[in-house]
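To start, the structure under review is shown below, and the notes come after it.
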Amino acid sequence: MFTEESLAIQQTIQNYFVGVYNGDLSLLTQAFHSDCKLIGDINGSPYYKNFQEYLEGVKNRKSPKESGESFRMKIISLEILGNNAIVKAQLPMLGFNYYDFLSIAKMDSKWVIVNKLFTNVL
């Protein structure tokens with residue numbers, strides 16, 4: 001059963017997915033907290049960026065949509081406790097098979113991604 005909160009979180013994640021897929025910085029800015037950290041590894045190489053650095057990377061690359069890729073991003077799981085949530089998501093794109101663990105918090109009555117931990121699964 002979907003609650004109002006779970007639907008709001010899913011909308012935040014959808015903004016993230018569509019923003020990444022289309023290269024839409026406005027949607028990404030809606031989905032992420034401005035102090036978000038993005039940490040992970042890409043094929044074993046460490047990755048660490050703040051949100052502004054991440055936006056620059058998205059801005060300066062060809063989007064999955066522009067590359068002719070189909071939209072295949074999905075939420076795998078969602079757990080909510082109070083004003084906090086964890087989402088596990090899969091984002092296959094640009095030759096990668098990313099899995100994200102997203103920490104989400106309700107801040108000023110809005111759900112935003114406050115931390116992104118990710119890896120590419122071969």
Within a 6.0 Å radius of atom NZ on Lys37, are there more than 12 heavy atoms belonging to other residues, nucleotides or ligands? yes
Heavy-atom side-chain proximity of Ser6 to Ile80 below 4.5 angstrom: yes
With a 4.0 Å cut-off, would you call Lys88 and Glu79 a salt bridge? no
Are Gln11 and Trp111 side-chain neighbours, meaning at least one heavy-atom pair lies under 4.5 Å? no
Minimum-distance pair of heavy atoms, taken over all atoms of Asn120 and Asn97: OD1-N, 2.6 Å
Please check if the side chain of Thr12 supplies one atom and the backbone of Val112 the other of a donor-acceptor pair under 3.5 Å. no
In Å, rounded to the nearest 0.5 Å, how long is the span from CG of Asn115 to NE2 of His33? 12.0 Å
Using the rule that Ile, Leu, Val, Met, Phe, Trp and Tyr join whenever any side-chain heavy atoms are under 4.5 Å apart, tell me whether Leu122 and Phe96 fall into a single cluster. no
With a 3.5 Å distance limit and no angle check, can you tell me whether Asn22 reaches the backbone of Asp24 through a side-chain donor-acceptor pair? no
Is it the case that the side chain of Tyr98 and the backbone of Ile42 share a donor-acceptor pair, with hydrogens and angles ignored and the cut-off at 3.5 Å? no
Between CZ of Phe17 and CG of Leu27, what distance do you get to the nearest 0.5 Å? 13.0 Å
Quick one: does Asp100's side chain have a donor or acceptor within less than 3.5 Å of a partner on Phe118's backbone? no
Can you hop from Ile13 to Leu25 via hydrophobic side chains spaced under 4.5 Å? yes
Is it possible for you to say whether Phe71 and Leu102 belong to one hydrophobic cluster, with membership spreading through side-chain heavy-atom contacts below 4.5 Å? yes
Establish whether Tyr99 and Ile86 are linked, either directly or via other cluster members, by ILVMFWY side-chain heavy-atom contacts under 4.5 Å. no
For Glu69 and Leu94, indicate whether the former's side chain and the latter's backbone hold a donor-acceptor pair under 3.5 Å. yes
Quick one: closest heavy-atom pair of Gly23 and Ser63, and the distance? N-CB, 3.8 Å
Passes side chain to side chain contact (heavy atoms under 4.5 Å, CB included), Val87 versus Ile104? Steps please. CA-CA 8 Å; Val87 168; Ile104 303 169; 3.5 Å; yes
Where do Met93 and Tyr21 land on the side chain to side chain contact (heavy atoms under 4.5 Å, CB included) test, with the steps shown first? CA-CA 8 Å; Met93 63 176 188; Tyr21 180 74; over 6 Å; no
Distance from Arg61 atom CZ to Glu66 atom CD, nearest 0.5 Å? 8.5 Å
Do Ile113 and Tyr47 belong together in a cluster built from hydrophobic side chains that touch within less than 4.5 Å? yes
Rounded to the nearest 0.5 Å, what's the gap from CG on Asn84 to CD1 on Ile9? Could you check? 9.5 Å
Other residues, nucleotides and ligands only: do more than 12 of their heavy atoms fall within 6.0 Å of NZ on Lys110? yes
What distance separates Ser26 OG from Leu28 CG, expressed to the nearest 0.5 Å? 8.5 Å
Is the number of heavy atoms from other residues, nucleotides or ligands within 6.0 Å of CZ (Phe101) greater than 12? no
Under the criterion side chain to side chain contact (heavy atoms under 4.5 Å, CB included), I'd like the reasoning laid out for Met107 against Val114: C-alpha separation, chi angles, the key distance, then a yes or no. CA-CA 10 Å; Met107 303 178 80; Val114 295; 3.9 Å; yes
Sub-6.0 Å ring centroid separation between Tyr16 and Phe32: yes
Between Lys49 and Glu56, is there a side-chain heavy-atom distance shorter than 4.5 Å? no
Looking at Glu53, I'd like to know if its CD atom is crowded, meaning that more than 12 non-hydrogen atoms belonging to other residues, nucleotides or ligands lie closer than 6.0 Å. yes
Applying side chain to side chain contact (heavy atoms under 4.5 Å, CB included) to Thr29 and Phe51, what does each step give before you reach the verdict? CA-CA 9 Å; Thr29 300; Phe51 182 60; 4.3 Å; yes
State, yes or no, whether a side-chain contact exists between Asp41 and Pro46 at a heavy-atom distance under 4.5 Å. no
For the student: nearest non-hydrogen atoms of Val20 and Tyr54, plus distance: CG2-OH, 3.2 Å
